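For reference, the structure is listed below as structure tokens.
These numbers come from the heavy atoms of this one structure, side chains and all, not from hydrogens, waters or symmetry mates. Bear in mind the structure is a predicted one, so any value in this text is a computation, not a measurement. Residue numbering restarts at 1 for every chain, and letters A, B, ... go by the order of the sequence lines.
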Amino acid sequence: MPQIPMAAEGPLLTLDDLSIVFSSPDEADIVAVRQVDLTLRRGKTLALVGESGCGKSVTARAILRILDKSAAIPSGQIIFSPDDAEPVDIATLNPDSIAMRTIRGNRISMIFQEPMSSLSPVHTIGDQIDEMIILHERVTPKQARERTIALLDQVGIPGPRERADAYPFQLSGGLRQRAMIAMALSCNPDLLIADEPTTALDVTTQAQILDLLRQLQDDYGMAMLFITHDLGVVAEIADDVAVMYLGDVVEQGDVFDVFATPQHPYTRALMSSIPKMQRKAERERLQPIQGTVPSPKDRPQGCSFSSRCPVAFEPCAKVRPDPTRTGKQHRTRCHLIERELKPGEVIV
Amino acid sequence: MATDTMILKETQRKDRATGRESQWKMIWRRFRQHRLALVSLWIVIGFYLIAIFAEFLAPYAPSHYNSRYTYAAPQGIHLFDTDEQGNWGFRPFVYGYTTEIDQAAMRRTFVLDPDVKHRVQFFIETEPYRLAGFIPMQHRLFGVAEPRAPFYVLGADRLGRDLLSRLIHGTRISLSIGLVGVVLSLFFGVLIGGFSGFYGGWFDSIVQRTIEFIRSLPTIPLWLGLAAAMPRDWGALQTYFAITIILSVVGWTELARVVRGRFLALRTEDFVVAAQLDGASDYRVIMRHMVPSFMSHIIAAATLAIPGMILAETALSFLGLGLQAPIVSWGTLLQEAQNIRTLASAPWLLLPGVVVVIVILAMNFLGDGLRDAADPYGR
Amino acid sequence: MLGFIISRLISMVLTIWAISLVAFAIIQLPPGDYLTTYVATLSASGDRVDPRVIEALREQYGLGQPFIVQYWKWVSGIVTAGDFGQSFEWGRPVTELIWGRLGNSILLEGLAVIVMWFVALPIGVYAAVNKYSLGDYLATIFGFLGLAIPNFLFALVLMYLGYAWFGVVMGGLFSPQFEGAHWSFARVLDFLSNAWAPVLVLATAGTAQLIRVMRANLLDELRKPYVTTARAKGLPEWRVILKYPVRVALNPLVSTIGWLLPTLVSSSVIVSVVMNLPTAGPMLLRSLTTQDMYLAGTLILLLGVLTVIGTLISDLILAWIDPRIRYGGE
């Protein structure tokens with residue numbers, strides 16, 4: 001069901017100064033995400049990149065408010081402004097409230113990394129999709145099933161009518177992920193959050209799923225928050241990119257800007273650790289990042305990357321850098337930038 | 001040694017601060033964090049000490065009776081009293097009894113008489129006995145000085161025998177039967193489970209089916225059937241060992257399952273394969289490399305098996321098909337409590353049951369703690 | 001599915017055959033043959049024994065012949081004619097004695113299973129969802145106590161309290177006036193007023209175990225990604241939990257019936273003895289003490305068969321509710 005491009009103004013979703021803290025009775029609180037600002041434009045794709053444990057999945061789950069009970073949002077806003085409704089601050093809603101539940105799955109939906117375990121093993125694919133439609137819309141089970149079959153057909157599942165009665169373990173990984181996508185799209189969401197949707201799949205299936213997502217985004221006109229650790233995937237699908245390291249967004253901006261002129265040492269290090277297609281003679285050695293990611297408990301006091309940064313200097317370990325504009329819509333958290341800018345110099 | 005390097009490697013990986021600790025030290029360290037298990041360990045040790053020194057701790061021999069005091073109520077022990085000069089101090093005593101006739105029930109009941117006090121003395125000299133059957137002794141931990149005075153701290157049974165003394169002696173039988181039964185089960189379990197896990201193949205599948213079969217049977221009818229086949233004229237010792245064998249018929253299966261599982265898990269571990277490639281014999285691979293690394297699991301499983309054995313013996317003896325009358329165990333003691341009207345007038349006969357529950361709980365907690373600690377590298 | 005059922009049925013038949021061997025071995029275990037004992041008791045009580053009757057019995061049961069022959073005669077009698085042999089103590093065929101008793105056993109155990117599930121399920125779910133809450137700790141303590149208190153002791157304590165506080169002598173399943181009556185509403189009420197105590201005793205240990213299993217299963221399932229998926233759909237939390245993880249955690253719980261039943265049958269024997277219930281338990285005990293071996297063997301056989309059939313039913317339910325087994329996946 002293609003939609004007419006929306007006329008509403010401003011970004012669809014804004015995370016403003018968002019922090020997420022995990023607390024446990026035995027240990028000190030862990031700040032998993034700290035003071036993150038993100039902007040999602042209508043109909044566009046923002047890729048959130050980072051190593052595992054950097055807080056990207058936690059951020060995504062916070063948007064849907066499906067984090068554990070041990071997680072809290074001590075500061076920040078999650079402003080969601082759909083086309084046809086008043087903006088709401090999701091961060092202030094009760095996770096199990098009706099207001100939140102009508103957004104969840106309906107306005108914002110999500111697909112997950114493990115297509116194997118992200119579907120209930122004891123319910124049929126059709127049941128699981130029907131449930132979502134019936135939950136959010138006034139339809140009979142029969143109508144819901146017809147829509148489910150249409151959706152399964154649309155995401156490229158052959159024999160959708162029969163497959164709707166299949167259990168997840170009877171489908172291949174690729175088909176399961178397609179079913180997940182069909183479920184996420186079943187209520188025409190404004191925003192689709194995809195949490196590493198291709199990581200668990202083999203390479204050819206990955207490409208098919210990415211193509212499918214791109215095409216569906218064109219058809220539905222929805223925005224997408226795409227979480228991945230694969231820079232290759234980012235280049236393929238994203239309009240904007242935000243790089244996370246240990247709970248911080250260290251660099252964010254237009255995908256071409258960031259890829260062409262990476263500013264943060266971590267982004268640069270990520271870029272140079274990807275193998276390139278080159279002749280053997282021109283090949284350079286890959287440069288892995290030194291050391292390992294510390295746990296959020298041992299995060300350096302200043303810039304979180306300072307313990308591994310090859311160009312760290314005096315203030316880095318002590319003082320946390322603020323985001324600095326390094327281009328049109330390109331912002332970086334790094335002391336290096338501030339130092340390189342002469343006083344009074346402005347980047348346009 | 002392959003195991004040593006593995007331990008070292010694992011130790012460094014999991015917990016750098018510990019450095020080179022032996023496996024047993026690590027297990028002990030983890031175990032100590034388990035408060036409940038630690039307390040339970042002391043309780044269990046305490047009960048086994050009671051079992052060992054039963055004759056010394058109990059005021060009387062288990063068969064000692066005084067028909068003047070049938071179903072005498074518990075006296076308790078009063079620890080402090082004033083002496084002739086009126087000085088208050090540690091001077092344990094018990095009250096004597098006066099008898100009253102319960103007109104309704106037409107029988108005697110015993111009431112404590114606060115006017116009669118019998119001093120309790122420590123290391124009192126009694127008729128000679130042999131501690132644990134071979135150390136000749138003449139003193140017991142405590143008792144009353146006057147030889148004819150009643151001394152029933154926890155009350156008396158239908159023959160006027162001291163429940164406390166019988167409980168202490170019963171502890172020896174009940175605890176040891178659990179231990180012997182588990183040792184027996186362990187022997188068969190390790191042997192059969194080990195073979196089955198190490199060599200696999202048809203032997204393994206036969207053993208597996210057998211274990212499944214035995215575990216699908218209701219145990220009490222099976223045990224009852226086997227126990228009923230014991231000739232009535234067997235002596236105490238024969239009955240005792242027959243019961244342990246009967247309990248082991250079912251008991252070995254659980255331990256064999258654990259051992260087999262560990263063998264299967266370890267068979268493909270690098271250090272075992274390495275030892276095999278080095279040309280070590282099967283015997284050496286098993287004894288030097290595999291057994292040390294799952295010894296702790298076996299000990300935990302064995303500990304968890306003991307309470308089941310004790311419960312089974314108690315149940316069998318309670319039903320009258322286990323240990324028989326002259327032998328004193330918790331089960332035979334509870335047999336006395338079967339009649340509800342007797343119980344109503346002498347509720348202290350249920351005390352052995354309280355002891356059973358305490359010991360079973362303590363052993364379960366201890367076993368759980370050991371099982372959690374047995375895998376110092378896990379989690 | 002069909003393959004699963006057939007394989008289960010085959011293994012059930014094999015198990016029953018093995019149980020019959022064990023039961024018959026138990027019949028054979030006591031020294032001497034029971035016919036001699038029987039004759040001796042009859043003569044002792046002054047009855048005249050017709051040697052021809054004795055000879056006929058000896059022939060019928062193959063006494064004096066090898067184990068296999070005797071076993072064959074016993075089993076073929078059961079399979080072809082439903083003849084389980086003769087109770088020498090009662091002087092009647094075993095079949096006439098056992099069915100009412102076994103029926104009571106099945107009734108009690110069935111009620112206990114139902115009570116266990118109804119109590120354990122909500123508590124287990126509550127304990128897992130509210131992990132480390134006060135209710136969770138209480139459930140854990142109850143679990144440990146339920147496992148540590150031997151059921152006959154619990155029965156004794158219950159009877160003692162009933163007698164000491166209310167002057168009620170618990171025991172039996174029916175009041176005297178309903179003993180031999182036909183089933184009616186009044187008789188059902190009377191049965192329930194008597195049966196609650198043994199059912200409570202029987203269900204306690206199993207409930208404790210089921211709570212532990214349910215809590216552990218559910219804690220595992222709650223961590224799985226499909227729960228997050230269900231939450232991301234916008235379902236209310238209680239529906240997320242009940243429809244998904246609880247539903248999945250039920251599968252292993254159903255298969256626990258397989259190992260709960262043997263314990264339940266065991267405890268019903270001993271609890272029935274304590275509470276003087278007209279079930280198979282006291283009859284078995286009595287037949288074993290008087291060496292009435294055909295009766296004893298039959299009861300052991302049938303209690304075993306009962307357990308195996310219960311396990312089969314739990315397997316079938318499992319196959320029915322778990323599509324992974326139904327479609328032969330995994």
TODO: Tell me, for A:Arg65 versus chain C, whether the close heavy atoms (under 4.5 Å) come from the side chain, the backbone, both or neither.
DONE: neither
TODO: Compare every heavy atom of C:Tyr226 with every heavy atom of A:Ser120, then report the nearest pair and how far apart it is.
DONE: N-CB, 3.7 Å
Task: Heavy-atom pair with the smallest gap, counting every atom of A:Val122 and C:Pro323 - done: CA-CG, 3.7 Å
Open item on the list: Is it the case that over 12 heavy atoms from other parts of the model lie below 6.0 angstrom from the CD1 atom of A:Ile98?
Closed with: no
Task: Rounded distance [0.5 Å steps], NZ in C:Lys224 versus CG in A:Leu119 - done: 13.5 Å
Open item on the list: Below 4.5 Å, heavy-atom pairs only: which of A:Met132, A:Met180, A:Glu131 has the largest tally toward chain C?
Closed with: A:Glu131
Task: Part of A:Ser117 within contact of chain C (heavy atom distance under 4.5 Å) - done: both
Open item on the list: Keeping A:Ser118 on the side-chain end and C:Thr229 on the backbone end, is there a donor-acceptor pair under 3.5 Å?
Closed with: no
TODO: Identify the residue among A:Arg104, A:Met110, A:Arg101, A:Gln128 that makes a side-chain contact (heavy atoms from CB on, under 4.5 Å) with C:Lys233.
DONE: A:Gln128
Open item on the list: With a 4.5 angstrom heavy-atom cut-off, is it the side chain or the backbone of A:Leu64 that approaches chain C, or both, or neither?
Closed with: side chain
TODO: Measure A:Met100 against the heavy atoms of chain C and call it side chain, backbone, both or neither at under 4.5 Å.
DONE: neither
TODO: Enter the distance from A:His123:NE2 to C:Lys243:NZ here, rounded to the nearest 0.5 Å.
DONE: 5.0 Å
Open item on the list: To check you understand the geometry: which heavy-atom pair defines the closest contact between C:Val129 and A:Lys69, and what is its length?
Closed with: O-NZ, 3.5 Å
